[in-house]
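Residues: numbered from 1 along the sequence shown.
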Amino acid sequence: MAATTVWQPLNDGLTEICTLLEQQISPSSAVDKSQIWKQLQHFSQIPDFNNYLVFILVRAEGKSIEIRQAAGLLLKNNLKGAYPSMSQENQKYIKSELLPCLGAVDRNIRTTVGTIISVIVNIEEGSGWPELLPALVTCLDSNDLNHMDGAMDALSKICEDIPHVLDSEVPGLAERPINVFLPRLYQFFQSPHASLRKLALGCVNQYVIIMPAALYNSLDKYLQGLFLLANDPVAEVRKLVCAAFVHLTEVLPSSIEPHLRNVMEYMLQVNKDPDEEVALEACEFWSAYCDAQLPSENLKELLPRLIPVLLSNMAYADDDESLLDAEEDESQPDRNQDLKPRFHTSRLHGSEDFDDDDDDSFNVWNLRKCSAAAIDVLSNVFGDEILPALMPLIQAKLSTSGDEAWKEREAAVLTLGAIAEGCFNGLYPHLSEIVAFLLPLLDDKFPLIRSISCWTLSRFGKYLIQEGGNPKGYEQFEKVLMGLLRRLLDSNKRVQEAACSAFATVEEDAAEELVPHLGVILQHLMCAFGKYQRRNLRIVYDAIGTLADSVREELNKPAYLEILMPPLVAKWQQLSNSDKDLFPLLECFTSISQALGVGFAPFAQPVFQRCMDIIQLQHMAKVDPASAGAQYDREFIVCSLDLLSGLAEGLGSGIESLVSQTNLRDLLLNCCMDEAPDVRQSAFALMGDLARVFPAYLQPRLIEFLQVASQQLSTNLIGENLSVANNACWAIGELAVKVRQEVSPIVTNVVSALALILQHAEAVNKSLVENSAITLGRLAWIRPDLVAPHMEHFMKPWCLALAMVRDDLEKEDAFRGLCAVVKVNPSGGVSSLVFICKAIASWHEIRSEDVNSEVSQVLNGYKQMLGNSWAECWSALDPPVKERLARYQV
């Protein structure tokens with residue numbers, strides 16, 4: 001039998017590739033990196049190019065470590081795309097070269113090999129490399145530091161990227177790999193080498209979240225190991241110990257309960273660790289503890305010692321990047337990296353129950369913020385019980401004087417803001433003293449004290465508004481309002497940002513209380529608009545939009561519009577159709593157009609035309625960016641559709657003159673079929689808004705709109721598709737009540753989709769359930785003959801959903817449908833009669849005479865139809881339901 005020949009590189013090829021790699025990593029600017037990159041990409045097409053790369057990484061002893069590492073990193077990137085299509089011989093060669101190199105003398109080579117191994121395991125899902133696990137075990141058991149470190153490094157990457165691979169059955173192995181590795185990892189907790197202790201603990205920590213049987217059955221051993229490492233001299237190990245306790249608290253709190261006091265004492269001690277990253281990891285424990293609903297008495301005993309630690313960690317660290325930012329004067333232009341990524345939320349119809357986290361993803365999480373979050377959580381769990389331990393500390397810090405103590409004063413103001421909601425009852429009697437103390441801090445010489453005072457005052461704003469009936473409370477509210485407006489015009493960018501955000505919060509809380517101050521508010525906002533740099537300008541747009549949402553038609557006065565509109569229109573004309581700074585301006589105009597209603601008419605034509613132009617430009621850019629002169633960015637389409645919706649809502653039937661001669665109908669249908677969920681979501685919102693105010697415009701393509709909308713109700717209803725389905729469902733209902741019988745072709749399909757949604761209401765959100773119940777009712781009202789035959793399948797969930805809808809015109813429509821199907825098929829409702837009664841009893845008052853009389857006929861009809869059985873149904877109802885139904889004499 002002939003021996004198989006092992007692949008060998010050609011010297012010329014080897015030299016050429018090494019030269020290219022050397023040029024690629026050279027710091028010299030004389031080298032054209034893009035040309036080299038192109039050549040390397042070209043080489044990647046050669047079948048055995050990756051063999052050359054692994055050869056250079058593993059065997060090119062004469063070359064520099066940097067060149068060998070560069071070959072390894074290029075190999076890693078190539079394998080991610082090319083590995084599955086490589087020949088088996090080449091795959092085999094690469095794998096056989098990597099394993100002996102796990103114990104390479106140079107650590108950079110070892111870690112590069114570990115990275116490549118984890119990439120291959122990820123692609124093969126752990127099944128195509130029987131030699132790997134025995135090789136790792138041999139290295140771990142070798143007692144040679146390089147081999148142990150190399151194997152542990154590869155293992156840690158596998159555990160991090162694809163932990164389930166080690167917890168799966170592997171053909172040819174008697175047990176799961178994790179059962180082989182876990183005991184060895186526990187042993188390495190005691191290694192004299194810090195790198196091995198750290199890697200071993202990091203590996204095991206990856207499994208806490210998925211908690212495989214092997215870990216669950218050896219938790220005692222794991223906990224022993226954690227206590228052993230708790231005071232490790234190496235900070236990174238201590239940090240991993242803290243992370244382990246936090247994960248266990250989140251995933252399996254019962255596992256730490258027997259050791260709770262020891263764990264809490266340890267976390268308290270490490271919360272003061274000189275290494276800030278260790279202290280930060282420990283600080284995460286307190287919020288996790290409260291979320292896990294572990295016994296609160298234990299934590300309560302700890303509060304007098306924990307609170308001072310949290311408070312001292314809330315002062316700015318000397319190296320906090322905010323200290324540098326705080327020096328920025330308004331005259332310094334923003335750099336591109338200062339601009340936070342922004343996220344536009346598409347328009348949604350119905351209950352606002354979607355998660356809407358503040359955009360804090362851009363901000364760096366640190367010990368200060370984590371400590372403030374912990375105090376906030378503690379104040380919500382313990383309320384006023386934390387005040388005796390906390391208030392003396394706050395008062396002591398606030399009374400420190402001198403420039404060097406400004407960080408202490410700032411931390412005290414931050415703490416007051418953090419507890420404003422949780423400890424409100426205890427703070428309320430002192431509200432006017434707290435506010436009187438905070439107001440002068442708005443003029444403090446330190447910008448970060450001015451900015452935190454804005455935030456803290458905004459946290460107390462809503463309580464001052466509740467005090468509006470008392471002259472002192474109202475006077476203080478005015479002072480806070482004027483103080484924040486003054487800070488809007490601060491010369492420091494950080495203070496501008498804080499004041500503007502705080503003001504937007506106060507606007508939401510105060511709403512109509514702002515009306516007497518509208519003139520002065522607008523003057524300050526537009527003055528800020530004129531002086532802010534790009535980053536803070538976005539926050540001003542938000543504050544203007546929030547103001548419009550809060551005061552609505554009160555804004556529609558000539559004197560106010562003269563202050564507000566000219567600067568916005570000038571900015572609008574200044575920006576090109578592909579400038580991303582248009583996004584916040586489009587959002588701002590959306591709020592203004594809804595607030596002004598027909599008052600927006602003088603500005604409507606150019607705004608409408610601009611939205612149309614932007615959508616058309618983006619549709620071109622999607623197909624051919626070069627001829628469109630712009631890169632495709634669907635957010636332009638989403639913001640423009642939402643502004644068109646705002647116009648339709650604001651102008652009502654007045655939108656007719658804008659849209660009738662345009663191709664909006666075709667553009668809109670196109671957007672309803674877009675592959676991006678957020679584009680479809682906004683498109684169906686506009687379809688519904690047009691259906692309400694100008695349904696005739698959709699008529700020529702009516703059936704297409706209805707069919708596309710009905711398809712959204714049966715797609716995979718998770719994530720963003722839920723919001724799309726929600727708006728599509730609402731739009732079908734709005735169109736149905738306007739075009740009546742013309743919806744007939746889609747009724748049966750839509751009703752069966754809505755019935756499924758209602759039957760699985762717990763799997764979707766409240767808004768979609770409510771809209772489904774209303775649209776089902778509207779279709780039932782229009783075509784009871786098509787809906788009634790199927791009513792037994794959905795009557796109970798439909799009635800449960802209708803009972804949750806608030807009293808309004810949409811609910812009246814739905815009940816017209818309910819009554820109509822019961823008339824057509826009374827026996828179909830008998831088995832759900834208790835639920836029909838509960839749905840009717842959910843009304844506080846039915847304002848429409850005809851709906852009221854229909855409902856009465858349904859109840860009395862069932863009473864007659866059931867005869868003696870009615871009493872049985874009646875007795876199954878709760879007293880409040882009977883009380884509400886009494887008005888129908890049943």
Side-chain angles (χ1 to χ4, degrees), residues 325 328-347 358-359 361-363 488-489 493-494 496-501 503-504 522 524-549 563-593 600 603 606-622 625 628-647 676 678-679 682:
D325 290 350
E328 279 220 9
D329 186 76
E330 64 181 359
S331 57
Q332 289 172 278
D334 290 333
R335 300 156 305 180
N336 275 337
Q337 62 264 38
D338 293 336
L339 298 176
K340 296 184 184 184
R342 59 177 302 292
F343 306 98
H344 172 83
T345 312
S346 300
R347 217 173 151 81
D358 289 336
D359 169 31
S361 50
F362 184 78
N363 297 330
L488 279 182
L489 306 182
K493 286 185 187 179
R494 183 65 185 273
Q496 292 173 353
E497 179 183 10
C500 212
S501 300
F503 185 67
L522 285 168
H524 279 80
L525 281 172
M526 298 327 285
C527 185
F529 181 80
K531 68 186 254 163
Y532 281 13
Q533 301 277 357
R534 278 173 67 201
R535 175 177 164 174
N536 284 349
L537 202 50
R538 296 172 174 190
I539 309 171
V540 184
Y541 287 131
D542 182 50
I544 295 170
T546 308
L547 180 68
D549 294 338
I563 306 172
L564 175 66
M565 293 307 289
L568 290 176
V569 170
K571 176 64 82 175
W572 171 262
Q573 288 164 345
Q574 207 182 345
L575 298 171
S576 81
N577 281 349
S578 54
D579 189 328
K580 292 188 178 188
D581 287 346
L582 261 181
F583 295 149
L585 184 51
L586 289 164
E587 287 173 357
C588 181
F589 269 142
T590 304
S591 293
I592 293 171
S593 64
F600 194 73
F603 314 99
V607 169
F608 174 81
Q609 196 47 55
R610 182 81 180 264
C611 290
M612 294 289 290
D613 294 345
I614 290 171
I615 295 170
Q616 280 164 320
L617 176 71
Q618 287 300 319
H619 280 161
M620 274 174 64
K622 194 173 185 178
Q631 284 301 312
Y632 176 67
D633 182 342
R634 66 176 190 272
E635 197 163 350
F636 281 105
I637 300 181
V638 173
C639 289
S640 300
L641 289 169
D642 287 349
L643 178 43
L644 291 173
S645 275
L647 285 176
D678 51 351
V679 174
S682 292

Backbone of [Y] reached by a side-chain donor or acceptor of [X] within 3.5 Å:
{"X": "Y532", "Y": "R538", "answer": "no"}
{"X": "N536", "Y": "K493", "answer": "yes"}
{"X": "S593", "Y": "T590", "answer": "yes"}

Would you say the side chain of [Y] lies within less than 4.5 Å of the side chain of [X], judging by non-hydrogen atoms?
{"X": "F600", "Y": "V607", "value": "yes"}
{"X": "H619", "Y": "I637", "value": "yes"}
{"X": "M526", "Y": "I544", "value": "yes"}
{"X": "L647", "Y": "F589", "value": "no"}
{"X": "I615", "Y": "L641", "value": "yes"}
{"X": "H524", "Y": "L489", "value": "yes"}
{"X": "L568", "Y": "F529", "value": "yes"}

Between [X] and [Y], which heavy-atom pair has the shortest distance, and what is it?
{"X": "E497", "Y": "I539", "answer": "CG-CD1, 3.2 Å"}
{"X": "L525", "Y": "L547", "answer": "CD1-CD2, 4.0 Å"}
{"X": "G545", "Y": "C588", "answer": "N-SG, 4.2 Å"}
{"X": "S576", "Y": "L582", "answer": "O-CD1, 3.3 Å"}
{"X": "A676", "Y": "R634", "answer": "CB-CD, 3.3 Å"}
{"X": "C639", "Y": "F583", "answer": "SG-CD2, 3.9 Å"}

Worksheet item: Can you name the side chain to side chain contact (heavy atoms under 4.5 Å, CB included) partners of A548, sequence neighbours left out?
Response: L555, S591, I592, A595
Item to complete: Would you give the length of the straight line joining atom SG of C611 to atom CG of N577, rounded to the nearest 0.5 angstrom?
Response: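 CG of N577 is found 9.5 Å from SG of C611.
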Discussion item. So, using ring pair (Phe, Tyr, Trp, His ring centres under 6.0 Å) as the criterion, who are the partners of Y632 when residues are at least two apart?
Written reply: none
Worksheet entry | Residues forming a ring pair (Phe, Tyr, Trp, His ring centres under 6.0 Å) with F608, sequence neighbours excluded |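 For F608, no residue satisfies ring pair (Phe, Tyr, Trp, His ring centres under 6.0 Å) once neighbours in sequence are set aside.
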Fill in: Residue list, salt bridge (charged side-chain N to carboxylate O under 4.0 Å, His left out) with D633, at least two apart or on another chain
K580
Worksheet item: Mind checking what makes salt bridge (charged side-chain N to carboxylate O under 4.0 Å, His left out) contact with R610, not counting sequence neighbours?
Response: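 If we apply the salt bridge (charged side-chain N to carboxylate O under 4.0 Å, His left out) test to R610, skipping adjacent residues, there are no hits.
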Worksheet item: Applying the side chain to side chain contact (heavy atoms under 4.5 Å, CB included) test to C500, which of D542, L488, L537 qualifies?
Response: L488
Item to complete: Sorted by first residue and then second, give each side chain to side chain donor-acceptor pair (under 3.5 Å) pair with at least one member in residues 565-575; sequence neighbours left out.
Response: none
